[in-house]
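The figures here come from the full heavy-atom set of this structure, side chains too, leaving out hydrogens, waters and symmetry mates.
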Amino acid sequence: MALIPSQILRVAILLSYFSILCNYKAIDMPAHQTYGGSWKFLTFIDLVIQAVFFGVCVLTDLSSLLTKGSASMEQERQLRKLIGLRDWMMAVLAFPVGVFVVTMFWALYLYDRDLVYPRLLDNFIPQWLNHGMHTTVLPFIIIEMRTTHHRYPSRSCGLLAVCTFAVGYVVWMCWVHSMTGVWVYPLLEHIGPMARIFFFICLTALINVYYVLGEILNNYIWDSSKRITTTTTTTTKTP
């Protein structure tokens, strides 16, 4: 039996994302006042994705609780829709985008932080908030994957959705650059057009890799759990 029920964990994680988003939006940074505002940063988009995802998880838990013991087919149908939305968001957005943001940020930060998080930002963003945006996303999403079995869509549909998101964000970055003359991330200022295209292709491929990794990890966790449960049941029944 879990030390903390998964439903309580989800509520706590959702509240933490609300806190992070509110604190981030309260910061008076020059970048927030330019074209695109906070929405041009993948970190902020990811925070919104995670908050919406865990909001759907909490709503699913509440609906499941309210429909327990109910004979209403309509309520059951609505609950199945919520579960389907929750699982789709986990597979296509929450896991691949969350893991991508954490790994890319810290890889570039360790290589040369000025490429992705200039030292000037230390004057606006406290360390705890930086970790809330770029670190805790990973353990939160792993906890969710470990506590709840999510049904992934077909590999082709999932990868198509992930590619659509990745290409959409690349197009959005290019549009912001065309409107302002400035790239969202300093790294893009230091490489040429062809290198930029190659960089975008690699990033799109990487986020697809993270989708497949999430699918494999989800199946591994829950296949292992089923094997353990089956073994335990068999052992208990053996005279």
Side-chain angles (χ1 to χ4, degrees), residues 6-7 9-10 13-14 16-18 20-21 36 38-64 77-107 133-175 184 199-223 225:
S6 58
Q7 295 87 345
L9 281 173
R10 291 191 193 101
I13 292 171
L14 177 61
S16 74
Y17 276 123
F18 279 153
I20 292 168
L21 281 167
S38 303
W39 291 97
K40 58 180 173 283
F41 300 111
L42 186 58
T43 292
F44 179 77
I45 294 173
D46 178 50
L47 288 175
V48 173
I49 288 172
Q50 302 298 331
V52 171
F53 167 66
F54 279 99
V56 171
C57 288
V58 171
L59 185 59
T60 303
D61 290 337
L62 288 173
S63 297
S64 180
R77 189 172 65 85
Q78 294 300 326
L79 178 59
R80 285 196 296 270
K81 282 185 177 180
L82 269 178
I83 293 173
L85 175 61
R86 179 199 68 186
D87 292 350
W88 185 88
M89 285 195 69
M90 173 67 172
V92 171
L93 294 173
F95 186 89
V97 178
V99 175
F100 178 85
V101 166
V102 173
T103 54
M104 282 302 299
F105 174 82
W106 286 112
M133 296 187 298
H134 298 114
T135 306
T136 57
V137 173
L138 185 56
F140 284 168
I141 206 66
I142 293 296
I143 288 171
E144 171 60 24
M145 181 173 280
R146 181 63 186 85
T147 56
T148 305
H149 181 217
H150 297 275
R151 294 185 181 277
Y152 269 60
S154 67
R155 179 75 61 85
S156 57
C157 290
L159 290 176
L160 178 61
V162 171
C163 280
T164 301
F165 174 85
V167 172
Y169 182 68
V170 169
V171 171
W172 169 233
M173 279 197 298
C174 293
W175 176 259
V184 174
F199 182 70
F200 291 150
I201 291 172
C202 288
L203 294 187
T204 301
L206 181 60
I207 200 169
N208 277 274
V209 169
Y210 285 145
Y211 170 84
V212 176
L213 176 64
E215 183 183 22
I216 293 171
L217 184 59
N218 180 71
N219 291 337
Y220 173 76
I221 289 171
W222 291 99
D223 286 347
S225 297

Self-check item: Close side-chain approach of Val48 to Trp39, heavy-atom, < 4.5 Å
Solution: yes
For residues 203-214, please give each side-chain donor-acceptor pair under 3.5 Å, one per line with the distance, not counting sequence neighbours.
residue: Thr204; atom: OG1; partner: Phe200; partner atom: O; Å: 2.9
residue: Asn208; atom: ND2; partner: Thr204; partner atom: O; Å: 2.6
residue: Tyr210; atom: OH; partner: Thr103; partner atom: OG1; Å: 2.9

Quiz item: Can you tell me how far CZ of Arg151 sits from CG of Asn219, rounded to the nearest 0.5 angstrom?
Solution: 10.5 Å
Quiz item: Do the non-hydrogen side-chain atoms of Leu42 and Val101 ever get within less than 4.5 Å of each other?
Solution: yes
Practice problem: Might you point out which heavy atoms bring Val56 and Leu82 nearest each other, and give the distance in Å? | Solution: CG1-O, 4.1 Å
Quiz item: How far does CD1 of Ile83 sit from NE2 of His150, to the nearest 0.5 angstrom?
Solution: 10.5 Å
Quiz item: What's the verdict on side-chain hydrogen bond (donor to acceptor under 3.5 Å, both in side chains) for Asp46 and Gln50, showing C-alpha distance, side-chain angles and the deciding distance?
Solution: CA-CA 6 Å; Asp46 178 50; Gln50 302 298 331; 3.0 Å; yes
Quiz item: Which value, rounded to the nearest 0.5 Å, describes the distance between Phe53 atom CZ and Met89 atom CE?
Solution: 7.0 Å
Quiz item: For the residue pair Val92 and Val162, what are the closest heavy atoms and their distance?
Solution: O-CG2, 3.6 Å
Quiz item: side-chain contact (heavy atoms from CB on, under 4.5 Å) between Met133 and Val137: does it pass, once the steps are laid out?
Solution: CA-CA 7 Å; Met133 296 187 298; Val137 173; over 6 Å; no
Quiz prompt | Residue pair Ser63, Gln78: steps toward the side-chain contact (heavy atoms from CB on, under 4.5 Å) verdict | solution = CA-CA 9 Å; Ser63 297; Gln78 294 300 326; over 6 Å; no
Exercise. Supply the atom-to-atom distance Met90 CE to Cys57 SG, rounded to the nearest 0.5 angstrom.
Key: 8.0 Å
Practice problem: Tell me, with the steps shown, if Leu9 and Ile143 meet side-chain contact (heavy atoms from CB on, under 4.5 Å). | Solution: CA-CA 9 Å; Leu9 281 173; Ile143 288 171; 4.0 Å; yes
Self-check item: Rounded distance [0.5 Å steps], CG in Leu62 versus CG in Leu59
Solution: 6.5 Å
Quiz item: Do Ile142 and Leu217 have side-chain heavy atoms sitting under 4.5 Å apart?
Solution: yes
Exercise. Mind checking side chain to side chain contact (heavy atoms under 4.5 Å, CB included) for Ser64 and listing every partner two or more places apart, or none if nothing turns up?
Key: Leu79
Quiz prompt | Shortest non-hydrogen separation from Pro153 to Gly158 and the atoms involved | solution = CG-CA, 4.0 Å
Self-check item: Side chain proximity check, Phe165 to Ile49, heavy atoms < 4.5 angstrom
Solution: yes
Exercise. Please tell me if the side chains of Glu144 and Thr147 come closer than 4.5 Å, counting only heavy atoms from C-beta onward.
Key: yes
Quiz item: What orientation do Trp222 and His149 show, parallel under 30°, tilted 30 to 60°, or perpendicular over 60°?
Solution: tilted
Practice problem: Measure the NZ-CE distance between Lys40 and Met173 for me, rounded to the nearest 0.5 Å. | Solution: 13.0 Å
Quiz prompt | Check: Tyr152 and Asn218 side chains under 4.5 Å, non-hydrogen atoms | solution = yes
Practice problem: Would you check, one step at a time, whether the test ring pair (Phe, Tyr, Trp, His ring centres under 6.0 Å) holds for Phe140 with Tyr17? | Solution: CA-CA 10 Å; Phe140 284 168; Tyr17 276 123; 5.7 Å; yes
